[in-house]
Amino acid sequence: MDKKIGRPRSEKTKEAILTAAYDLLLENGFGAVTIEKIAERAGVSKATIYKWWPNKAAVVMDGFLKATNVMIPIPDTGVTVDDMFIQVNNYAKFLMSRGGNVINEIIAEGQFDAKLAETYRAIYFKPRRSISKQILERGISRGELGKDVNIELSIDLIWGPLFYRLLITGEVIDSTFIKELINHVFKGLRNID
């Protein structure tokens, strides 16, 4: 008897659920997505969803990550300022897309949904911060930055203005802004004694 080759049914079911969650997120926004709607779109029961995810926030974030988070390569041009520009610029371009606009909604909803905020920080934001940390650590090891550079504060200086424009002022976030931002931050980092 030949065995069928392919993914187990549970993997296909999970994939259908994640796709449904992401599609509903894009179509309606986080607030309008419900476990019931995800189940209906995926053709599964609510119990099936709860078997793998504890709440709406978890399944929606997993769906978002699956759709938008192909392994992000860590830039390594050999020049730290260039690597940081590439990382921030690529992310800024994503933020300006419909998929990226979901980030605004997730951050806003996270103000009222602690589980969503915790999930967002843990599985989406912290990995990106880790990439920035790796880039800066390489810069220190290559002697481009001093050993006394406060990496965590430097990351805040780089990413803070991007999110300030995204969430508060609504000003343009483009390659010119990112280049100027990175150059200013690195000018300051290179002058640290």
Under 3.5 Å: donor-acceptor pair, side chain of K56, backbone of F30:
yes

Side chains of E11 and K14: closer than 4.5 Å at any heavy-atom pair?
yes

Please collect all salt bridge (Lys or Arg N to Asp or Glu O under 4.0 Å) contacts where either partner lies in residues 17-30, sequence neighbours excluded, each pair once.
E27-R41

If we ignore angles and hydrogens, is there a donor and acceptor under 3.5 Å between the side chains of S45 and T48?
yes

SB check E144 R138 (cutoff 4.0 Å):
no

Atom CD of residue position E152 - does it have more than 12 heavy atoms of other residues, nucleotides or ligands inside 6.0 Å?
yes

One should read off an interatomic distance between E137 CD and S141 OG, to the nearest 0.5 angstrom, of 8.5 Å

Residues two or more places apart in sequence or in another chain: which of them pass salt bridge (charged side-chain N to carboxylate O under 4.0 Å, His left out) with E36?
K46

CD1 on I182 to OG on S175, rounded to 0.5 Å:
11.5 Å

List in chain and number order the residues that pass side-chain hydrogen bond (donor to acceptor under 3.5 Å, both in side chains) with T19, two or more places apart in sequence or in another chain; answer none if no residue qualifies.
none

Beyond-backbone contact of W52 with I17, side-chain heavy atoms, under 4.5 angstrom:
yes

Non-hydrogen side-chain atoms of P75 and D82 separated by less than 4.5 Å:
no

Under 4.5 Å between any side-chain heavy atoms of V88 and I158, yes or no?
yes

Point-to-point distance, once rounded to the nearest 0.5 Å, from CG of L26 to CG of N101:
9.5 Å

If a pair satisfies ring-ring contact (aromatic ring centres under 6.0 Å, His included) and one of its residues is in residues 78-121, list it, with sequence neighbours excluded.
Y91-W159, Y120-Y124

Salt bridge (Lys or Arg N to Asp or Glu O under 4.0 Å) contacts touching residues 160-182 (sequence neighbours left out)
R165-E171

With a 4.5 Å heavy-atom cut-off, do L166 and M96 have their side chains touching?
yes

Keeping the roles fixed (side chain from K133, backbone from I155), state whether a donor-acceptor pair exists under 3.5 Å.
no

For residues 105-123, the salt bridge (Lys or Arg N to Asp or Glu O under 4.0 Å) pairs (sequence neighbours left out) are R98-E105

Go through I178 and L162 one step at a time and tell me if the side chain to side chain contact (heavy atoms under 4.5 Å, CB included) criterion holds.
CA-CA 8 Å; I178 301 298; L162 181 81; 3.6 Å; yes

Test your reading of the model: is there a side-chain donor-acceptor pair from Q111 to the backbone of I107, 3.5 Å cut-off?
yes

Would you indicate whether the side-chain heavy atoms of T80 and F186 approach each other to under 4.5 Å?
yes

